Amino acid sequence: MLDLKFVRENPETVRQAMQKKGEEADLAGLLTSDRERRDLLKEVEELKQLRNRVSREIGKAGADSEYAREKKLEMKEVSARIKDYDEKLRDIDLQIEQLLLNLPNLPDPVVPHGYDEEDNVEIRAWGEKPEFTFTPLAHWDIGDNLDIIDVPRAGKITGSRFALYYGAGARLERALFNFMLDLHTNEHGYREVFPPFLVNAASMTGTGQLPKFAEDAFKVENTDLYLIPTAEVPVTNLHRDEILEGDQLPLYYAAYSACFRAEAGAHGRDTRGLIRQHQFNKVELVKFVKPEDSMDELEKLTRDAEKVLQLLGLPYRVMLMCSGDLGFAPAKKYDLEVWLPAAGTYREISSCSNFTDFQARRAGIRYRPGEGQKAQFVHTLNGSGVAVGRTVAAILENNQQEDGSVVIPEVLRPYFNGIDKIYRGVVPRKGNSGK
RNA sequence: GGAGAGAUGGCUGAGUCUGGCUGAAGGCGCUCGCCUGGAAAGCGAGUAGACGGGGCAAAACCUCGUCUCGUGGGUUCAAAUCCCACUCUCUCCGCCA
């Protein structure tokens with residue numbers, strides 16, 4: 001959310017930002033309502049001042065005094081008018097709130113102008129794309145051949161865009177999020193959080209999923225609760241409506257969670273495999289920082305996410321999102337894209353964003369820079385560290401061997417009792433060397 | 001699910017029965033000052049937020065006003081205080097992984 005005062009004083013800046021991002025919102029309506037609100041406010045406050053003053057005087061003069069009898073009728077009238085104004089004001093406040101919640105964040109000046117993913121800028125790339133002496137299979141075929149991923153039965157149990165894992169596949173999923181959490185908590189200084197997977201509407205509004213993107217979320221019937229689309233939502237809302245002390249910052253959190261997305265509007269896209277599921281696992285990194293540090297913190301956060309892919313030996317590139325692909329809430333965003341050899345493309349596996357004070361203002365997350373100083377909004381950041389399902393896909397595809405087996409990345413082997421390969425029928429239990 | 005208790009500032013805690021300069025006593029904490037070689041103790045002063053108007057080029061800040069005692073409504077000239085609904089927390093019982 002943008003500051004209403006800022007919007008009032010810089011409408012042209014806001015208009016340009018919307019245009020750059022390709023977002024639509026009723027800016028003119030907002031400015032009109034704001035003007036109307038301030039006019040109303042002035043009138044009603046004058047009436048309230050009058051009523052307050054007279055009420056005090058009635059109290060002093062005594063409720064049965066001549067003065068009281070005379071003024072009571074008059075004030076009854078005033079109260080009725082106040083009530084009338086207050087109702088109008090409440091309507092317009094609500095209107096302003098909604099309009100404001102639908103204004104996108106301002107893009108950072110360094111964000112390149114562009115319209116879609118074609119205009120994103122590659123910042124750096126890492127790793128060697130594997131060379132195959134055979135035609136590499138897609139991960140869904142590998143998973144099927146190894147009997148570790150079962151899509152048909154997940155479809156029977158639940159529906160499309162779900163998968164279930166067996167044996168080494170399930171172990172791989174679990175090994176990955178354990179590895180990621182271990183890395184970020186042990187090496188990168190994040191505090192582990194295990195959050196609720198259901199959140200209320202206020203939390204969804206705080207991070208920006210609501211009201212604009214309601215159709216992307218699963219809502220639990222007969223409740224106010226939503227399945228989280230990312231751990232970003234519960235973790236960022238940890239400090240909703242709080243004032244943090246300046247010396248507490250920066251705060252780093254790492255959270256594993258399942259993520260649930262309706263994928264409305266993605267019909268027919270990525271229908272096969274693990275790339276686009278209604279439910280997937282992810283380790284999310286969330287930071288609360290001082291405004292002046294947030295751009296540096298975004299760089300560090302991105303590096304922390306990259307480290308996961310580096311240790312897993314997965315080739316990837318870092319893309320700076322152009323204005324048109326930036327999205328609603330971020331001011332600046334990097335995507336990490338992992339190499340998927342079967343399709344011969346890079347696919348997004350992590351998204352690292354600086355939201356500046358956009359979420360903080362929505363969620364009321366502030367900090368006190370120093371003793372006696374006025375509280376101001378923190379900057380929030382988050383990034384996937386990283387999406388687990390897509391990592392499984394990337395490992396299966398990049399590490400596949402001609403005999404159909406898949407080499408387990410070195411750093412994951414401790415989670416596999418030392419087994420170094422997944423092949424059909426392998427059981428990663430203790431004492432099984434995998435030979 | 002049944003029964004009961006509660007929600008007040010950064011924290012703690014009065015005020016609610018008996019409505020009226022109470023945005024709210026006291027304590028703790030914090031800030032500044034005095035004291036001290038320095039510190040503790042002691043003493044003095046200060047210490048909520050949001051919104052709108054005015055001062056200011058603007059921020060900080062100053063000033064005036066309005067709102068806020070879980071949330072929303074009602075009664076009243078006037079509500080932390082009375083009435084209703086809801087939310088949340090705690091205790092006991094039941095059920096349950």
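First the proteins, then the strands, lettered A, B, ... as listed; each starts at 1. Nothing here was measured: the structure is a model prediction, and the numbers come from that model.
In this structure, Leu4(A) and Ser55(A) both approach RNA chain B, and ranking their closest nucleotides by distance from the 5' end singles out Ser55(A). For the pair Met75(A) and Gly62(A), nearest-nucleotide mapping onto RNA chain B gives the more 5' position to Gly62(A).
When the C1' atom is used for both G10(B) and C30(B), the distance is 9 Å, rounded to whole Å. Taking atom C1' in both U91(B) and C83(B), the straight-line distance is 27 Å, to the nearest Å. Going from the C1' atom of A97(B) to that of C11(B) covers 37 Å, rounded to whole Å. Separating the P atom of U81(B) from that of C69(B) is a span of 8 Å, rounded to the nearest Å. Between C32(B) and U18(B), the two P atoms lie 47 Å apart (nearest whole Å). Taking atom C1' in both U68(B) and A7(B), one finds a spacing of 16 Å when rounded to whole Å. Rounded to whole Å, the separation between the P atoms of C77(B) and U89(B) comes to 39 Å. With both ends at atom P, the span from A50(B) to G46(B) equals 22 Å, rounded to whole Å.
Residue Arg8(A) is classed as a sugar-phosphate contact, given heavy-atom separations below 4.0 Å to backbone atoms only. Among the atoms of the strands shown, only primed sugar atoms or phosphate atoms (P, OP1, OP2) are found under 4.0 Å from some heavy atom of Arg366(A).
For Ala68(A) against Gly62(A), the heavy-atom pair with the smallest separation is CB-O, 3.4 Å. Among all heavy-atom pairs drawn from Arg347(A) and Arg276(A), the shortest one is NH2-NH2, 3.8 Å.
Contact annotation: Lys76(A) side-chain N/O to C77(B) OP1/OP2 distance is under 4.0 Å. Under 4.0 angstrom from either OP1 or OP2 of A78(B) there lies at least one side-chain N or O belonging to Ser79(A). At the phosphate of G73(B), OP1 or OP2 sits under 4.0 Å from a side-chain N or O atom of Arg90(A). In this model, the phosphate group of A78(B) is not approached by any side-chain N or O of Arg56(A) to a distance below 4.0 Å at OP1 or OP2. Listed pair Lys72(A) / A78(B) fails the phosphate criterion, with no side-chain N or O lying under 4.0 Å from OP1 or OP2. Using a 4.0 Å cut-off, no side-chain N or O of Arg51(A) falls inside it from OP1 or OP2 of G65(B). A sub-4.0 Å separation between OP1 or OP2 of U66(B) and a side-chain N or O of Asn52(A) is present.
Met1(A) places its CE atom 12 Å from the C1' atom of A50(B), with the value rounded to the nearest Å. Regarding Gln49(A), its CD atom lies at a distance of 15 Å from the C1' atom of C21(B), rounded to whole Å. Distance Lys83(A) NZ to A78(B) C1': 16 Å, rounded to the nearest Å. Regarding Asp241(A), its CG atom lies at a distance of 20 Å from the P atom of U87(B), rounded to whole Å. Rounded to an integer number of Å, the gap from CG of Asp93(A) to P of A50(B) is 16 Å. Look at CG on Leu50(A): it is 13 Å from C1' on U66(B), rounded to the nearest Å. Between the NZ atom of Lys5(A) and the P atom of A58(B) there is a distance of 13 Å, rounded to whole Å. Taking atom CD1 of Ile82(A) as the reference point, atom C1' of C77(B) lies 11 Å away to the nearest angstrom.
Nearest to the side-chain atoms of Ile58(A) among the listed nucleotides G20(B), G52(B), U75(B) stands G20(B). When distances run from any side-chain atom of Lys48(A) to the nucleotides G49(B), G20(B), C67(B), the shortest one goes to C67(B).
Taking the six-membered ring for Trp and the full ring otherwise, the centers of His379(A) and Phe377(A) sit at least 6.0 Å from each other.
In this model, no donor atom of one side chain and acceptor atom of the other lie less than 3.5 Å apart for Asn145(A) and Tyr423(A). Counting only N and O atoms by type, the side chains of Thr205(A) and Arg362(A) include no donor and acceptor under 3.5 Å apart. For the residue pair Glu192(A) and Thr185(A), no side-chain donor N or O sits within less than 3.5 Å of a side-chain acceptor on the partner. Inspection of the Thr207(A) and Glu232(A) side chains reveals no N or O donor paired with an N or O acceptor under 3.5 Å. Ser79(A) and Arg51(A) form a side-chain donor-acceptor contact under 3.5 Å, judged by distance and modelled atom types alone. No hydrogens or angles considered: nothing links the side chains of Asp224(A) and Asn200(A) as a donor-acceptor pair under 3.5 Å. Asn281(A) and Tyr256(A) share a donor-acceptor pair across their side chains, judged by distance under 3.5 Å alone.
Here the CG-CG distance, from Leu183(A) to Asp304(A), works out to 7.5 Å after rounding to the nearest 0.5 Å.
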Secondary-structure string, 5' to 3', Watson-Crick or G-U under 3.5 Å, | for another-strand partners, for RNA chain B: ((((((((.[[[..)....(.....]]]((((((.......))))))((((((((.....)))))))).[[[[[..)....]]]]])))))))....
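Against RNA chain B, the stretch residues 33-47 of chain A makes heavy-atom approaches under 4.0 Å through Arg37(A), Arg38(A), Leu41(A), Glu45(A).
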Pair Ser257(A)-Lys282(A), side chain to side chain contact (heavy atoms under 4.5 Å, CB included): steps then yes or no: CA-CA 6 Å; Ser257(A) 87; Lys282(A) 183 158 60 67; 5.5 Å; no
